[in-house]
Amino acid sequence: MDWDKLRIFHAVADAGSLTHAGDTLHLSQSAVSRQIRALEETLNTTLFHRHARGLILTEQGELLFDATRAMNKRLEAAAARIRDADEEVFGELRVTTTTGFGTLWLAPRLGKFYERYPLMKLDLMLEERVLDLPMREADVAIRMKEPSQADLIRKRLMSVRMRLYASPRYLDKQGRPQGMEDLRAHRLICQNVRSFQVSAGAQLVQHLLSLELPSLLLVNNYFGVLQGVINDLGIGVLPDYLTRDFPDLERVLPDVESGEVPVFLAYPEELRQSKRIAVFRDFVQDEVMAHRRRLREASDAGEGEDGHGKM
């Protein structure tokens with residue numbers, strides 16, 4: 001099969017339109033159409049169903065699109081490795097992680113990364129859906145569980161627990177609960193158990209909701225929960241990595257917490273030699289170590305003052 005025809009077929013299948021594919025390829029619609037017809041004649045099959053609203057792949061077209069998509073991903077990986085052969089670290093790196101971790105922990109620290117690598121272009125994809133790294137939906141992922149794919153390199157970064165926090169202003173006004181039953185007098189801010197979240201967090205929320213609290217604020221990510229807490233709306237279920245960056249948070253009911261949630265950084269085996277991934281991995285690991293060190297120092301200072309540590 002002609003490589004050029006496959007490239008044009010892939011663009012048409014991806015766009016679902018001869019016109020849009022032509023715009024991408026800088027070809028006329030008629031030229032694109034001729035190439036598709038020639039490819040169909042070569043394969044002796046129909047690749048698209050044509051209708052007024054655009055093009056739909058046939059079963060044979062789907063098979064070919066799967067192949068060209070895999071080829072395209074491999075070519076992207078090869079291009080990335082060639083770029084990484086240069087001494088200077090530059091280019092795009094697509095990073096995926098959860099909305100909460102990306103907005104509340106990672107993004108505020110990226111200023112230091114850009115100071116070291118000003119020519120880097122980070123594309124942060126913040127969503128709860130787990131993107132497919134081997135299929136190059138992203139280059140590197142930070143996930144709240146160990147990746148299941150065998151062809152990924154993974155590094156455990158840290159552990160997280162979900163705990164109860166509130167603002168001192170709210171607690172001064174509404175009182176500090178001494179036990180679980182006291183939560184009935186407060187508004188709970190948390191994710192709905194049906195929202196995308198780590199199972200340990202969902203289990204804690206489910207346990208708290210079983211108390212049948214009279215007032216709730218449900219938000220579908222931790223950034224929204226945090227906004228509710230710092231604006232004095234109630235007691236929120238939040239990850240403990242926030243305590244350093246938001247020192248005004250006051251922990252409520254210290255015995256109440258979720259199970260441990262491991263945080264992993266992962267990337268495809270084929271990008272093992274990527275300098276862009278290496279510098280990002282090292283940066284994140286350095287920030288995690290600094291985060292742990294500051295928490296230990298804060299805990300030691302707390303013990304020196306009143307005999308007990310505070311997370």
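Grouping Ile, Leu, Val, Met, Phe, Trp and Tyr by side-chain contacts under 4.5 Å, direct or through others, puts Leu133 with Leu152. Its side chain outside the 4.5 Å cluster rule for every partner, Met289 clusters with none of the Ile, Leu, Val, Met, Phe, Trp and Tyr residues. Under a 4.5 Å side-chain heavy-atom cut-off, the cluster of Ile, Leu, Val, Met, Phe, Trp and Tyr residues that includes Leu131 is completed by Met125.
Annotation: salt bridge (charged side-chain N to carboxylate O under 4.0 Å, His left out) contacts of Asp123 (sequence neighbours excluded): none. Residues passing the side-chain hydrogen bond (donor to acceptor under 3.5 Å, both in side chains) test with Asp245, sequence neighbours excluded: Arg109. In this view, His186 and Tyr170 satisfy the ring-ring contact (aromatic ring centres under 6.0 Å, His included) rule, not counting sequence neighbours. Residues passing the salt bridge (charged side-chain N to carboxylate O under 4.0 Å, His left out) test with Glu62, sequence neighbours excluded: none. Checked against side chain to side chain contact (heavy atoms under 4.5 Å, CB included), Asn72 has the following partners two or more places apart in sequence or in another chain: His10, Glu76. Residues meeting the salt bridge (charged side-chain N to carboxylate O under 4.0 Å, His left out) test with Arg34, sequence neighbours left out: none. Partners of Phe9 according to the ring-ring contact (aromatic ring centres under 6.0 Å, His included) rule, which considers only residues two or more places apart in sequence or in another chain, are Phe48. Listed by chain and residue number, Asp2 satisfy the salt bridge (charged side-chain N to carboxylate O under 4.0 Å, His left out) test with Lys5 (two or more places apart in sequence, or in another chain). Scored by the ring-ring contact (aromatic ring centres under 6.0 Å, His included) test, Phe283 finds Phe113 as partners (sequence neighbours excluded).
Ring centroid separation for the pair Phe101 and Tyr241 comes in under the 6.0 Å cut-off.
To the nearest 0.5 angstrom, Asp248 atom CG is 9.5 Å from Ile230 atom CD1. Distance check: His49 NE2 to Glu59 CD gives 9.5 Å after rounding to the nearest 0.5 Å. One finds the CG atom of Leu64 at 6.0 Å from the CG atom of Leu6 (value rounded to the nearest 0.5 Å). For the atom pair OG1 (Thr96) and CG (Leu126), the distance works out to 7.5 Å, reported to the nearest 0.5 Å. Here the straight-line distance linking atom OG1 of Thr243 with atom CG of Leu249 works out to 8.0 Å at 0.5 Å rounding.
A salt bridge is defined here as a Lys NZ or Arg NE, NH1 or NH2 lying under 4.0 Å from an Asp or Glu carboxylate O, and Asp240 with Arg161 fails to meet this definition. Taking the charged nitrogens against the carboxylate oxygens, Arg37 and Glu40 have no contact shorter than 4.0 Å, which rules out a salt bridge. A salt bridge links Glu270 with Arg74: at least one charged nitrogen is closer than 4.0 Å to a carboxylate oxygen. Under the 4.0 Å criterion applied to side-chain N and carboxylate O atoms, Glu250 and Arg163 are not assigned as salt-bridge partners. A salt bridge links Arg176 with Asp172: at least one charged nitrogen is closer than 4.0 Å to a carboxylate oxygen.
The number of heavy-atom neighbours closer than 6.0 Å to NE2 of His291, taken from other residues, nucleotides and ligands shown, is above 12. Summarising the local packing, CZ of Arg187 is surrounded by 12 or fewer heavy atoms from other residues, nucleotides or ligands at distances under 6.0 Å.
Across all their heavy atoms, Leu238 and Leu226 have their closest contact at CD2-N, 3.8 Å. The nearest pair of heavy atoms linking Ala200 to Gly259 is CB-O, 3.8 Å.
Each of Arg281, Lys112, Arg244, Arg292 was checked for a salt bridge (Lys or Arg N to Asp or Glu O under 4.0 Å) with Glu287, and the lone residue meeting it is Lys112.
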For this session: Test side chain to side chain contact (heavy atoms under 4.5 Å, CB included) on Val237 and Ile189 and set out the steps.
Result: CA-CA 6 Å; Val237 179; Ile189 310 172; over 6 Å; no

